[in-house]
Amino acid sequence: MQTKMFCYQCQETAGCTGCTRVGVCGKTPEVAAQQDLLVYVTKGLSAVTTQLRAEGTAVAAEVNHFITLNLFVTITNANFDGQAITERIEQTLQRKRELLAQVKTPDTLPEAARWDGGDFAAKAATVGVLSTENEDIRSLRELITYGLKGLAAYSKHANALLADDEEVDAFLQRALAATLDDSLTADQLTALALETGKYGVQGMALLDKANTTAFGNPEITRVNIGVGDKPGILVSGHDLRDLEQLLIQTQGTGVDVYTHSEMLPAHYYPAFKKYPNFIGNYGNAWWKQKEEFEAFGGPILLTTNCIVPPKDSYKDRLYTTGAAGYPGCTHIPGDIGETKDFSALIEHAKRCAPPKALEQGEIVGGFAHAQVLALADKVVDAVRSGAIRKFVVMAGCDGRAKSREYYTEFAKGLPKDTVILTAGCAKYKYNKLDLGDIGGIPRVLDAGQCNDSYSLAVIALKLKEVFGLDDINDLPIVYNIAWYEQKAVIVLLALLYLGVKNIHLGPTLPAFLSPNVAKVLVDTFGIAGIGTVEEDLKTLVQ
């Protein structure tokens with residue numbers, strides 16, 4: 001039977017094999033096809049820019065930003081707006097025409113670089129994932145492409161803060177173009193996947209520097225999870241620059257601002273603490289937004305990915321910006337370096353009642369690398385004394401599947417001499433549990449967003465240095481990571497590049513790993529899935 005679509009880039013893909021009728025995320029076959037075509041033409045544009053660099057012609061930062069945003073648009077749960085995606089395809093073809101005219105040897109470029117438009121639907125049907133027939137080559141190409149999508153997300157956030165790294169941009173485009181090259185072997189593509197991890201580390205470092213330069217180093221912070229008595233705006237997604245602009249524009253308006261899901265770590269940055277109307281965090285991880293957005297009652301700003309198709313009850317209150325988009329929802333425009341106009345959002349909030357409380361109390365976070373390293377002596381003493389026997393990295397993503405309750409039970413079952421290191425929305429599976437502390441060190445150390453996973457690598461490398469170890473795998477650190485979308489893929493590749501082995505990945509292994517590619521990762525790096533809580537507690541921490 002002919003499929004209507006094929007997508008297997010996220011953990012929730014149907015049957016752990018692929019979405020073929022409609023995306024579990026909610027995207028239609030039409031939008032899936034448009035995203036496939038946008039990736040294809042972006043690969044073609046990247047082949048052109050890579051050739052230009054090889055010929056000694058510089059590529060403008062604005063072109064780099066455009067390519068980066070194209071990939072970000074295709075990340076899971078980012079953009080469901082077919083018209084907006086089609087417009088980006090047309091813009092990509094136009095940019096490609098302009099740059100192709102500068103190439104000295106255009107005949108050497110792949111077909112994707114030379115395709116100049118036509119019947120979009122017909123073309124999309126020929127360039128999707130399954131257009132690569134060899135299962136292993138397809139698996140490696142998709143592993144690289146999804147890693148590059150994750151890298152693009154990190155780069156886009158850095159770009160929003162006027163930070164760039166030409167090396168990262170050039171690699172992203174070179175690697176994207178390489179997925180069009182039929183001459184590359186499985187071994188060569190495997191090497192490219194690990195090189196993607198190398199630039200993943202570099203891209204995460206770029207974003208970390210951009211964030212801390214703009215907003216200061218995160219610090220230990222108690223975050224309110226209750227509500228105030230004024231109308232509010234709820235900000236979800238990941239973009240801190242969007243949040244900053246909204247906070248500036250809401251001063252003196254009588255409108256409060258709350259974070260949701262991956263925006264929670266904004267409260268840890270010193271720069272945001274000066275805003276009196278920055279009230280706290282509302283709700284939990286992205287997948288609970290249907291109930292939580294409805295209860296909030298005021299407008300919601302989605303700054304990046306993690307959109308769940310909205311209910312009619314609040315669709316008119318959902319605004320998008322940046323890479324995010326949903327048909328029928330108001331999109332707030334604004335490019336890099338521009339000030340976005342959030343006045344419509346603010347006026348909408350003024351007409352709404354204050355948010356309905358979901359819970360009361362506080363949660364603690366802010367344990368990014370600078371804060372943890374400031375506590376290094378205390379941490380090292382606790383390890384040497386045996387008070388802390390092991391660190392368990394439980395970073396990554398949360399999701400809807402009942403199987404993810406495993407991570408709550410695993411956290412509950414951890415011995416009291418273990419400490420969880422986390423980043424990403426996976427934390428919502430355990431960050432509100434009362435797990436106590438070890439000599440004043442909380443047993444859940446939240447470094448921030450999935451965008452802040454770099455902090456966990458820095459902490460591990462610093463501990464390796466402090467303890468005088470030659471191998472990062474000799475540290476008392478184990479990895480039990482939950483994944484969902486493509487930012488988790490670049491984090492995984494970055495960890496593999498750093499030499500980390502024996503990572504447990506769940507709740508399922510990626511569907512895009514063919515048996516042979518999965519075997520290479522298992523044999524070389526000890527990648528494993530998850531079992532029962534009891535089995536994995538014995539394997540990892542007993």
Side-chain angles (χ1 to χ4, degrees), residues 3-10 13 19 21-46 62-97 112 115-131 142 145-146 148-150 152-153 155-156 159 172-173 176 179 237-239 302-310 315 318-336 485-487:
T3 61
K4 294 183 177 180
M5 59 177 283
F6 187 83
C7 180
Y8 60 0
Q9 69 175 0
C10 83
T13 191
C19 293
R21 297 178 61 82
V22 67
V24 172
C25 65
K27 69 181 174 183
T28 63
E30 293 75 20
V31 169
Q34 288 162 318
Q35 291 188 356
D36 286 344
L37 187 56
L38 179 58
V39 171
Y40 176 77
V41 296
T42 303
K43 288 180 177 182
L45 176 57
S46 294
E62 191 266 341
V63 174
N64 293 335
H65 297 164
F66 182 84
I67 291 172
T68 294
L69 184 56
N70 273 6
L71 287 186
F72 201 177
V73 163
T74 68
I75 277 184
T76 302
N77 285 357
N79 200 305
F80 297 80
D81 190 337
Q83 181 178 346
I85 296 170
T86 295
E87 289 173 359
R88 292 203 69 83
I89 293 170
E90 292 169 343
Q91 292 164 8
T92 304
L93 290 172
Q94 179 58 35
R95 287 173 184 270
K96 185 156 61 70
R97 291 184 198 107
W115 185 69
D116 197 37
D119 186 334
F120 283 7
K123 189 64 176 178
T126 68
V127 299
V129 171
L130 298 179
S131 62
E142 296 309 305
T145 299
Y146 302 153
L148 296 173
K149 288 187 180 189
S155 293
K156 168 60 175 65
N159 296 160
L172 184 149
Q173 293 159 38
L176 200 58
T179 65
H238 304 75
D239 199 289
L302 250 301
T303 64
T304 60
N305 57 314
C306 296
I307 298 175
V308 174
K315 186 175 179 180
L318 185 63
Y319 293 73
T320 62
T321 192
Y326 197 87
C329 294
T330 301
H331 188 79
I332 307 295
D335 291 328
I336 291 168
E485 43 88 1
Q486 296 77 66
K487 281 178 281 184

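Residue numbers count from 1 along this sequence.
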*Listed partners of A33 passing side chain to side chain contact (heavy atoms under 4.5 Å, CB included), at least two apart*: A124

Report, one line per pair, each donor and acceptor closer than 3.5 Å where one atom sits in a side chain of residues 326-334; sequence neighbours left out.
from	atom 1	to	atom 2	distance (Å)
H331	ND1	T320	OG1	2.8
H331	ND1	A324	O	3.2

*Who are the ring-ring contact (aromatic ring centres under 6.0 Å, His included) partners of F120, not counting sequence neighbours?*
none

*Evaluate the side-chain proximity of I336 to L69: yes if any heavy-atom separation is below 4.5 Å, no if none is.*
no

*Rounded to the nearest 0.5 Å, how far does CG of L37 lie from CG of L93?*
7.5 Å

*asked:* With rounding to the nearest 0.5 angstrom, report the OG1 to NZ distance, T68 to K156.
replied: 9.5 Å

*asked:* Contact between D119 and K123 at the side-chain level, heavy atoms closer than 4.5 Å - yes or no?
replied: no

*N305 and E485: which non-hydrogen atoms are nearest, and at how many Å?*
ND2-OE2, 3.4 Å

*What pairs of residues pass the salt bridge (Lys or Arg N to Asp or Glu O under 4.0 Å) test when at least one of them lies in residues 88-97, not counting sequence neighbours?*
E62-R95, R97-D116

*Could you tell me whether the side chain of L45 reaches within less than 4.5 Å of the side chain of V41, counting heavy atoms only?*
no

_Pairing residues for Q34 by the side chain to side chain contact (heavy atoms under 4.5 Å, CB included) criterion, not counting sequence neighbours_ = V31, I85, T86

*asked:* For T76, give me all partners under side chain to side chain donor-acceptor pair (under 3.5 Å), at least two apart in sequence or on another chain.
replied: Q9, Q486

*F72 and A78: which non-hydrogen atoms are nearest, and at how many Å?*
O-CB, 3.7 Å

*Using the test side chain to side chain contact (heavy atoms under 4.5 Å, CB included), find all partners of N64 that sit at least two apart in sequence or belong to another chain.*
R53, V59, E166, D169, Q173

*Considering all heavy atoms of both residues, which atom of L38 and which atom of T42 are nearest to each other, and what is their separation?*
O-OG1, 2.6 Å

*asked:* Holding to side chain to side chain donor-acceptor pair (under 3.5 Å), I want the full list of residues that pass it with Y8, two or more places apart in sequence or in another chain.
replied: none

*Does N79 have any side chain to side chain donor-acceptor pair (under 3.5 Å) partners at least two apart in sequence or in another chain, and if so, which?*
none

*Distance only, no hydrogens: is a donor on one side chain within 3.5 Å (strictly under) of an acceptor on the other, for T303 and D239?*
no

*Which heavy atom of T304 sits nearest a heavy atom of H238, and at what distance?*
OG1-ND1, 2.6 Å

*asked:* Test of understanding: with side chain to side chain contact (heavy atoms under 4.5 Å, CB included), list the residues that count as partners of C19, not counting sequence neighbours.
replied: M5, T13, A14, V24

*Name all residues meeting the ring-ring contact (aromatic ring centres under 6.0 Å, His included) criterion together with F66; count only those two or more places apart in sequence or in a different chain, and write none if there are none.*
none

*Residues in salt bridge (charged side-chain N to carboxylate O under 4.0 Å, His left out) contact with D335, at least two apart in sequence or another chain*: none

